[in-house]
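Some notes on the structure that comes next.
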There are 2 protein chains.
Amino acid sequence: MPNSKVLPLVESEASEGVAPCCPPLTERPFTAQEAETAARMFKALGDPVRLRLFSAVASHEGGEACVCDISDVGVSQPTVSHHLKKLKDAGLLTSERRGTWVYYRVESSVLAAMGRLLALTPVKAA
Amino acid sequence: MPNSKVLPLVESEASEGVAPCCPPLTERPFTAQEAETAARMFKALGDPVRLRLFSAVASHEGGEACVCDISDVGVSQPTVSHHLKKLKDAGLLTSERRGTWVYYRVESSVLAAMGRLLALTPVKAA
């Protein structure tokens, strides 16, 4: 998957005219396309090391972190880089080089969209 | 993984005295144990067919559904059963046999705990 591939979790698909993905999971059954989009995001967070790196960036001062700030997760530097790339490919992080270091930032709009997926809607009466 | 294995996402681990897993991802870096627990849940939702089945159950009347209600996801019945078992193993669904059919129910407390993971906390000043 190329680095520039970002999921349309918070953008409408102009070519298809659909609303931004996705409704709360409890609202109605997901369509195949909604499920493809949302599953990719969940899958990216479905690894303990990636989840630790993601929470390290998300909770860091200013909502961004240098690799030098977040590498203390018990795996090698190449493995850290591999997982950060996966988080970027899934559209959960963006990165920017400043001098020697690459800084990672959480896409808060994506986090909000994922939170919306898991929002509880009233259970329909049986 | 045995059927009875349910993740401690919403229960405290009595043996270790820790609080229920897990804080919002933006609050502080996850510990290894928190990441293990939460990643298993995200991984279970990281498949499009499982996500469609999960949303079909979650959005069904009364918050539960019979297999007969939710099998319209374009895969074979054995594949549906396989994915429903994975969702059960991850603690996201419970099931109960009533007469001919097995009914699946979403663990709303687990859904709430996952929503909390993705809750936005204020970004710390840099």
Side-chain angles (χ1 to χ4, degrees), chain A residues 22-65 69-70 72-74 90 105-106 108 110-126, chain B residues 22-65 69-70 72-74 90 105-106 108 110-126:
Chain A
C22 300
L25 281 162
T26 52
E27 193 170 292
R28 59 166 172 74
F30 270 26
T31 66
Q33 190 183 334
E34 288 166 347
E36 283 286 345
T37 301
R40 226 173 308 170
M41 313 282 292
F42 283 124
K43 190 174 179 181
L45 294 178
D47 175 275
V49 173
R50 281 202 293 278
L51 201 50
R52 290 187 74 184
L53 289 170
F54 185 79
S55 72
V57 174
S59 63
H60 204 260
E61 291 176 358
E64 69 172 18
D69 295 320
I70 58 170
D72 186 23
V73 289
R105 171 172 287 280
V106 168
S108 63
V110 171
L111 203 60
M114 291 190 77
R116 182 167 172 262
L117 290 185
L118 294 164
L120 292 172
T121 54
V123 171
K124 297 185 185 83
Chain B
C22 300
L25 281 161
T26 53
E27 192 170 291
R28 59 166 171 74
F30 271 26
T31 65
Q33 188 183 335
E34 288 166 348
E36 283 285 345
T37 301
R40 224 173 308 169
M41 312 282 292
F42 283 125
K43 189 174 180 182
L45 294 178
D47 175 275
V49 173
R50 281 202 293 278
L51 202 50
R52 289 187 75 185
L53 289 170
F54 186 77
S55 72
V57 174
S59 63
H60 204 261
E61 291 177 357
E64 69 172 18
D69 294 321
I70 57 170
D72 185 23
V73 290
R105 171 172 287 279
V106 167
S108 62
V110 171
L111 202 61
M114 292 191 78
R116 181 167 172 264
L117 290 185
L118 295 163
L120 292 172
T121 54
V123 171
K124 297 184 186 84

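So you know, we letter chains A, B, ... as the sequences are listed, proteins then strands, and number each from 1.
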Measure the spacing between [atom1] of [X] and [atom2] of [Y] and express it to the nearest 0.5 Å.
| X | Y | atom1 | atom2 | value |
| --- | --- | --- | --- | --- |
| A:Glu36 | B:Arg52 | CD | CZ | 9.5 Å |
| B:Leu117 | A:Met114 | CG | CE | 10.0 Å |
| B:His60 | A:Thr26 | NE2 | OG1 | 14.0 Å |
| B:Leu25 | A:Leu45 | CG | CG | 7.0 Å |

Grab the two heavy atoms, one from [X] and one from [Y], that are nearest each other, plus how far apart they are.
| X | Y | value |
| --- | --- | --- |
| A:Ala35 | B:Pro48 | CB-O, 3.4 Å |
| A:Phe30 | B:Ser55 | N-OG, 2.7 Å |
| A:Leu51 | B:Ala39 | CD2-N, 3.4 Å |

Answer with side chain, backbone, both or neither: which region of B:Ala32 has an atom nearer than 4.5 Å to a non-hydrogen atom of chain A?
both
Among B:Val106, B:Thr31, B:Val73, single out the residue with the greatest number of heavy-atom pairs under 4.5 Å to chain A.
B:Thr31
